[in-house]
2 protein chains.
Amino acid sequence: MRIGELAKKLDLPTSRIRFYEARGLLKPGRNLNGYREYPDDAAATLRLIGDAQRLGFTLSEIREGLAKAVSNRPSPGAVRVALTSKLAIIDRHIKEASARRREILRLLKDLENCE
Amino acid sequence: MRIGELAKKLDLPTSRIRFYEARGLLKPGRNLNGYREYPDDAAATLRLIGDAQRLGFTLSEIREGLAKAVSNRPSPGAVRVALTSKLAIIDRHIKEASARRREILRLLKDLENCE
DNA sequence: CTACACCTTCAACCTAGGTTTAAGGTCAAG
DNA sequence: CTTGACCTTAAACCTAGGTTGAAGGTGTAG
């Protein structure tokens, strides 16, 4: 599959797919004419990248994860460590956002009292 | 007060204070020698900027808010609109983070079952 | 007079995650 | 042979929020 078809299938710009490759997340083969040739599972990899980003992983972290996944099949332990540390980050995130939320509610309440 | 003293008082680099000025958030006076001279309330303004950032406002939004605050005293209505729309953004944020959290917990559970 | 701390500006650099543009190669159809 | 769609690369540009460095002025103490 060439890059245009892959991009269309996943509805993302070709530039982003090349960008991920530049960041080391993908390593497509090449046709005789130099065109990138993607295996069928490239779509799944790209979806995985999107999912991981949504879970809060950076492209560097995803690159490392993918590298381990291809080399020596990731140990469930390593995956658990990664997920657990990300969970802690998200928890902190939620706590901070909740604090901001309370603060804004307080400000809105103050505002009511002075109108 | 000069920039160094102000920076020390708030424990932030002078570069950041100049950066905020470049973004239009501060407009200090100048001494005869060209040094920036800050009124006492500059510290409060800088704290306000920090608070607003923590509440999720961008520097542009804060600049607009400060501009309205000095020109024609912000109407409580305008402030409420700003806070309410920010509240909606934070709520969405929290919802998304919670969804990510659940997803990670699910993955961790799956991991337990396959160990 | 010399040090030294403090101040100035402007421009370059940084991370993160991309998009846009320029210049050019490939390939099938008409 | 030309046109158009598709592909290539490198480099520039973008937002957001800054930091860093170079080159030089100011002010005070010894």
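Within every chain, numbering begins at 1; the chains are lettered A, B, ... in the order of the sequence lines, protein sequences first and strands thereafter. These values consider heavy atoms only, across backbone and side chains, with no hydrogens, waters or symmetry-generated copies.
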*Asks:* At 4.0 Å (heavy atoms only), tell me whether T14(A) reaches a base, stays on the sugar-phosphate, or touches nothing.
*Replies:*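 The residue T14(A) makes no contact with any strand.
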
*Asks:* With nearest nucleotides of DNA chain D determined for E37(A) and R16(B) from heavy-atom distances, which residue corresponds to the more 5′ nucleotide?
*Replies:*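 The residue mapped nearer the 5' terminus is E37(A).
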
*Asks:* Is it the case that one hydrophobic cluster holds both Y35(B) and F19(B), taking links as side-chain heavy atoms less than 4.5 Å apart, direct or via other members?
*Replies:*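 In one cluster: no.
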
*Asks:* Applying a 4.0 Å non-hydrogen cut-off, can you work out what R36(A) is touching in the nucleic acid: base, sugar-phosphate, or nothing?
*Replies:*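 Counting heavy atoms under 4.0 Å across all strands, the contact made by R36(A) is with sugar-phosphate only.
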
*Asks:* Taking the nucleotide of DNA chain D with the closest heavy atom to each, which residue, S60(B) or N33(B), is nearer the 5' end?
*Replies:*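 In this pair, the answer is S60(B).
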
*Asks:* Side chains of E21(A) and R36(A): closer than 4.5 Å at any heavy-atom pair?
*Replies:*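 Yes - at least one pair of side-chain heavy atoms lies under 4.5 Å apart.
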
*Asks:* Counting side-chain heavy atoms from CB outward, which of dG18(D), dT19(C), dT9(C) is closest to P13(A)?
*Replies:*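 Of the options given, the side chain of P13(A) lies nearest dT19(C).
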
*Asks:* I need the CG-C1' distance between N31(B) and dT28(D), as an integer number of Å.
*Replies:*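 One finds 16 Å between C1' of dT28(D) and CG of N31(B), rounded.
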
*Asks:* Starting at CZ of R18(B) and ending at P of dA11(C), how long is that distance when rounded to a whole Å?
*Replies:*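 Atom-to-atom, R18(B) to dA11(C), this comes out as 16 Å.
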
*Asks:* Rounded to the nearest Å, what distance is computed from the CZ atom of residue R30(B) to the P atom of nucleotide dG25(D)?
*Replies:*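 Whole-Å distance recorded here is 17 Å.
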
*Asks:* Under 4.0 angstrom, heavy atoms only, what part of the nucleic acid is R2(A) near: base, sugar-phosphate, or nothing?
*Replies:*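 Result for R2(A) = sugar-phosphate.
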
*Asks:* For I17(A) and L32(A), take the nucleotide of DNA chain C holding the closest heavy atom to each; which residue's nucleotide lies nearer the 5' end?
*Replies:*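 So the residue in question is I17(A).
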
*Asks:* Do the non-hydrogen side-chain atoms of I90(A) and I94(A) ever get within less than 4.5 Å of each other?
*Replies:*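 Side-chain contact under 4.5 Å: yes.
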
*Asks:* Rounded off to whole Å, could you give me the NZ-to-P distance for the K9(B) and dC6(C) pair?
*Replies:*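 Distance, rounded to whole Å: 16 Å.
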
*Asks:* Any side-chain N or O of Y35(B) below 4.0 angstrom from OP1/OP2 of dG27(D)?
*Replies:*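 So the side-chain polar atoms of Y35(B) never come under 4.0 Å of the phosphate oxygens OP1 or OP2 of dG27(D).
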
*Asks:* Would the number of heavy atoms belonging to other residues, nucleotides or ligands and lying under 6.0 Å from CG of D41(A) be above 12?
*Replies:*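 Yes, enclosed.
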
